[in-house]
Amino acid sequence: MERYEHKKVEEKWRERWAQANVYRTTEDADKEKFYILDMFPYPSGEGLHVGHPKGYIATDIISRYKKMQGFNVLHPMGWDAFGLPAEQYALKNKVHPRIGTDKNIATFKKQLEKISLNYDWEREISTTDPKFYKWTQWTFIQMYKKGLVFQSNEPINWCPSCKTGLANEDLENGCCERCDTPIEKKKIPQWVIKITDYADRMLADIDKLDWQESIKESQRNWIGRSEGAEIDFNVKTSKQKTNVILMHGKDTNPQEKWYPWLAEKMNVEGISFEAPILPNPSDPHIDEWLEELDNLKPNENTTLIGHSRGGIAILRWLEKQSKDFKVKKVILVAANYAKINEKHTEEGTHGFYTEVGYNFEEIKKHCDDFVVLHSRDDGWVPFEHGEINAKGLDAKFLTFDDKGHFGSKLEKQEIPELLGEIVQEQNVILIHGCPSDEEKAKNPETRTYNKQWLSWIKEKLEQKNIKVDFPLMPHPWKPSYDEYKKEFEKLDINENSILIGTSCGTSFLLRWLGETKQKVKSLIMVAPWHEPELDKKHKTDFYNFNIDEEINNRVENIVIFTSDNDYEIGMKSAKLFEKKFDAKVVNIKGHGHYLENQMGTVEFPELLDNVLDSCVGVNDKSESIKVFTTRPDTLYGATYMVLAPEHELINNEKLKIKNWDEVVEYQKLAQAKTEIERTAEGKEKTGVKLEGVMAINPVSGEEIPIFIADYVLADYGTGAIMAVPAHDERDFEFAQKYQISIKCVIEPHLSVEIDEYGEDVAREKMETMRKQILEGKLCYTKNGDLINSDEFTGMNWIDAKEKITQKAGGEMTTSYKLRDWVFSRQRYWGEPMPLIHCDKCGVVTVPEEELPLILPEVESYEPTGTGESPLAAIDEWVNTKCPECGGPAKRETNTMPQWAGSSWYYLRYIDPKNNKELVDKTQEKYWSPVDFYVGGAEHATRHLIYARFWHKFLYDIGVVSYDEPFSKLQTVGLIMAEDGRKMSKRWGNVVNPDDVIDRFGSDTFRLYEMFMGPFDASVAWSMDGLVGPRKFLEKIWKMYHLEFTNGETSKELQKTLHKTIKKVGEDIEEMKYNTAISAMMVLVNQLEKEKSISADDFGKFLTILSPFAPHMTQELWNKIENKTFLIEEKWPEYENQYLIDDEIELVVQVNGKVRDKIMVTAGLSEEDAKEKALASEKVKKHIDGKEIRKVIFVQGKLISIVV
RNA sequence: GCCUCGGUGGCGGAAUUGGUAGACGCGUUGGACUCAAAAUCCAAUGUUCGCAAGAACGUGAGAGUUCAAGUCUCUCCCGAGGCACCA
């Protein structure tokens, strides 16, 4: 008998098939198409190992099966050949990477050919082929033109070993996935593709893909959509806090008089207050008191208060200060004008009094703000002293009639007026305008045309506890400055005041500010009005005055609201004021002169925003922190904020961060840390508080501290968070470490706990848990109803999310984990980017007719490590002409990442030689999308994300006709080495398919790989295991040679044959190759017993086996007198008549246990089955006279008797 | 920590979706052939008890639903893969 010699047989057929070109793709438009694709390999220098072909064999089987079923099948292969290893090899051996790449491709191809995979090699492609990468570059240019490509200077992931930047996707645990080197952050200009623009579509379309759930989940995960809100927190640069020093008078001490009252008030206001016991109070020496004052170190934030003799000390002390020294304010209470008179001598007063009195000019250099309090009935220091002092110091002079020497005559020992000078409340004053129509103006109802929106503003501000005055001015239709002034000065106007005037109100405010030299915080002029001529017409003294440009220096913030359809004078005035004051102008279209009928609304949010900005001490909108949160419902619990160390706001000089050095040090530390250190598990959180700034919780108004900490990531969300320690684990941990207050705003919900722990456990632990949470000792991250949240208290969390966001002025948004695609690599072996930098025209794309932009030869492939690619060294290549202006320009020297070509290669197989288009439209329409895509799970995120993005882009520009590239996707399970580890050169456990094929043959190899286990499971290789499939093939070989195949097929065998045909077909479709093979083994085992089968039936068997073992089946197929190629044969059809058994084995159970199996005819009725079952001896034994309670009958399967 | 799969003989793995657990293959043991070995063929092979007929147990552990659970439900343990300070 002829032995099965696999080599002879396999080589013979490989040649014949090649001659007949059987693998060529047929394109018969009448037939249905089937595009089945393998992920193309990177041709490494090591060649294939036994794990690589597993997926290729599977697709080969499907491809053959589909061909036999009459489909046009596209089954191509190519090479993903750009990339680092080829370049590293080139570096080492000083050969061009192309040479190594070509060699590797040749090796791979030879190995694959031995397996007889039915690829149409005429469609072979390589990403490194200029004819191919022409279209990679072309697509890149289209993306550029659509604005999807931009240059970024943000720090990127830099692998110091590969000396190139990497995309986020290229990292593994913060290391380079290629060489495991920890990644550094490096600032080099990078080309980035806005893949995030497609995030939503990529996410949504996952649902229409027939992919494994796990891969879909990875994609969803990677895109990482979360819904939440963006909310602005205003930042308050803490005003340098005032401190107050009190110098008491002669013959007293800080525990007497009104001093303790003041101390208490200062304590309430949180103002630091010092009132030393001055030496020898009954006989003070000036030197001793001045020394005391020296020790207290007053500074520019200090307010000095001096009572009587204490006042003298302060003025004397100021006389002696150096040139640039200043204090904030000096308040003199009943202080003497200390010039020697008959009562006092210099000696007798130990230097308090001098011949010349005070040197007021000198004193005034050290303070701009003096207040003098004096009472006319002062029995100790005459009122005139107060007058002299006030005059000499240009002081604000507060006079009294009955306070005496501010001693015993003082009511309750309190001076409220004094307090008002120290603690100035912020208030807003609204000065209305007036209609020009006198009749209307006289009517109190219509007197102020803008009463309604001013009232709206007032209401809104008062909701935020801001004091608002809205005085009605006397006869504004014929205004008098003095009367206005009298009315106006009844109000408390101080340097924290915000003045808002509209129309003629602005005239008044400007004049008043100019004349009184008052300092205020803000002046907001709505529809400003300056018309000096008007006085003549109205016979008033109101409109004609000189505008004092110095106002600009006394008012921190001047804003003008105007409109494009204001009256001409209004617009002129706005322009004039803008120029004079260098003011900020806000133009709201269509608001006219801000008359209510012109505005059409009483709401004026722009103004409100502006006022609120001033209220918290911020002029510029940018000085706020935008955060992203998924839990806006917990906003009331935000007790601090955290910025990423790289957050741009930190560098904003306006913040005047006090602990700048500490902050910079932390930033450096964070930057030096590798990604690994930063994200290491269980790592303790660190951070630094920004001293001198606070944020305002936009709903509760609370001032909360701001930290920088590296647990907040710069490139997710907004790079800043609101921290809610009570309801977020990370914030909780941080808050505990830095002792920040923890405020619970979500009431734990019993039902939530019951869902998780079950009723009993939940009820038991609920009370203690709840208590701990409310006390801030436990963090509660689940959902519940709101507490401690003003008007939202009691609301459920779903409603609260939106409502609170609304109140905070934020908006609901979506955030993604997906980052934009860092697309440039600083290496040689990749597609050159088709961009040109021109000094005149900026960045210009290479004209499409010049594509492909060929990768030039270079002397050294050595990466520079500086962030420049080796291409930068080729002057004659780099220097080029600008395609737009023809002037000198330079080429972009970065290359594209390896993922570029692989993002669209599958389209090129459809039309691989087309030089005019990426792919012909008609062909694309026919073949696209890929029906079945098979490859490694390691590409679940990167390759598939990039390819889906790239494809969607091509869809958008009309190159492809469907918006997803791969309809169905299946991952291959790894083949592990026999030792259970991954196959790797490192472990020396690599099995080469060539050796296996040599020993066992390609058919055995193919069968074994498919028989090992479920296709997507990872299974260890076993040389012993190969014996099974080999024996299986040899059995079949023998069957022909023992002439089994000349006989008849028994009915039993025919049944098995047809069942097998059915099963193998189904199993191929479901990728259950292992069970398909085992079914064929069953058939062969049965045939081995029967020793007889018709040639026709044997042929059918060979046909269904042929996709698995094409060579031997082909040989035997020809031996049984066929001349055709099996791959061109039709897949056999199974006949239903053989699938039905006429006699079946019925299982008899008693109480659920199998007691007997009886042979019965297939269509047996329940009654008959019961009868037969009860007749069985074995069954009788178990029933044994017991009562039969129930009988369950399953047609064709079993009968179950319950006793 | 979160998500997604899994856990079945000595090993790789089947099991029509609730209906005979262990198909098929490897290995092992015994036998046939042979002077012998290899190859091949035949038989056995979940565990325990038993000469046997047979019985009991048995799909990570424990509970539950059911006439019947590898399959469904709950709790827990272990393994693989993915994500991971993502607000």
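Just so we're on the same page: letters track the sequence lines, and every chain starts at 1.
Residues from residues 1080-1092 of chain A with heavy atoms under 4.0 angstrom of RNA chain B, sorted by number: Met1081(A), Val1082(A), Asn1085(A), Glu1088(A).
Ser226(A) comes within 4.0 angstrom of the backbone, heavy atoms only, and of no base. Using a 4.0 Å heavy-atom cutoff across all strands shown, Glu217(A) reaches sugar-phosphate atoms only and no base atom. Using a 4.0 Å heavy-atom criterion, one finds that Ser1200(A) contacts the bases of the nucleic acid, with or without backbone contacts as well. Counting any heavy atom pair closer than 4.0 Å across all strands shown, Glu1145(A) reaches a base atom. At a threshold of 4.0 angstrom between heavy atoms, the contacts of Arg819(A) include nucleobase atoms, whether or not backbone atoms are also involved.
Checking the phosphate oxygens (OP1, OP2) of C41(B), no side-chain nitrogen or oxygen of Lys1035(A) falls inside 4.0 Å. At the phosphate of C57(B), OP1 or OP2 sits under 4.0 Å from a side-chain N or O atom of Lys1153(A). Contact annotation: Arg220(A) side-chain N/O to C2(B) OP1/OP2 distance is not under 4.0 Å. For C67(B), the OP1/OP2 oxygens have a side-chain nitrogen or oxygen of Lys1190(A) closer than 4.0 Å.
Proximity note for Val1202(A) (side chain, C-beta onward) versus C85(B), C83(B), C67(B): the nearest is C67(B). For Asn221(A), the side-chain atoms get nearest to C83(B) when compared with the rest of C41(B), G19(B), C83(B). In the set C67(B), U40(B), U4(B), U40(B) carries the atom at the smallest distance from any side-chain atom of Lys1031(A). Side-chain atoms of Asp1024(A) lie closest to C26(B) of the nucleotides C26(B), G19(B), U40(B). Nearest nucleotide to the side chain of Trp222(A), out of C26(B), C85(B), A84(B): A84(B).
For U20(B), its base never sits under 3.5 Å from the side chain of Gln1149(A) at any donor and acceptor pair. For Lys685(A) and C85(B), a side-chain-to-base donor-acceptor distance below 3.5 Å is present, hydrogens and geometry of angles not being considered.
With no hydrogens or angles considered, a side-chain donor-acceptor pair links Gln212(A) and Thr971(A) at under 3.5 Å. With no hydrogens or angles considered, no side-chain donor-acceptor pair links Glu227(A) and Thr814(A) at under 3.5 Å. Under 3.5 Å, the side chains of Thr686(A) and Tyr666(A) contain a donor-acceptor pair of N or O atoms. Judged by distance alone, the side chains of Tyr636(A) and Asn697(A) never bring a donor and an acceptor atom under 3.5 Å apart. Side-chain atoms of Lys982(A) and Asn989(A) form no donor-acceptor pair, as typed in the model, at a separation below 3.5 Å.
Distance Phe1000(A) CZ to A39(B) P: 12 Å, rounded to the nearest Å. In this structure, the CG atom of Asp728(A) is 6 Å from the C1' atom of A87(B), given to the nearest Å.
Residues Lys1172(A) and Asp1156(A) are not paired through a salt bridge, judged by the lack of any N-O separation under 4.0 Å between the basic side chain and the carboxylate. The pair Glu1066(A)-Lys1062(A) meets the salt-bridge criterion, with a side-chain N (NZ, NE, NH1 or NH2) lying under 4.0 Å from an Asp/Glu carboxylate O. Look at Lys685(A) and Glu733(A) and you find a salt bridge, because one of the NZ, NE, NH1 or NH2 atoms lies within 4.0 Å of a carboxylate O, short of that distance.
Here CZ of Arg999(A) is found 10.5 Å from CZ of Arg1030(A). Values are rounded to the nearest 0.5 Å.
When the C1' atom is compared between G12(B) and G82(B), the two are found 26 Å apart, to the nearest whole Å. For the P atoms, the distance from U40(B) to G79(B) is 41 Å, rounded to whole Å.
For U40(B), the base adopts the anti conformation, since its glycosidic angle falls more than 90 degrees from zero.
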Identify the pairs formed between an N or O of the protein and an N or O of nucleotides 10-17 of chain B at a distance under 3.5 Å, and give each distance.
{"residue": "G12(B)", "atom": "O2'", "partner": "Met1012(A)", "partner atom": "O", "Å": "2.6"}
{"residue": "A14(B)", "atom": "OP1", "partner": "Asn1074(A)", "partner atom": "ND2", "Å": "3.3"}

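Ring geometry for Phe707(A) against Tyr640(A) counts as perpendicular: the plane angle is over 60°, on a 0 to 90° scale with 30° as the lower cut.
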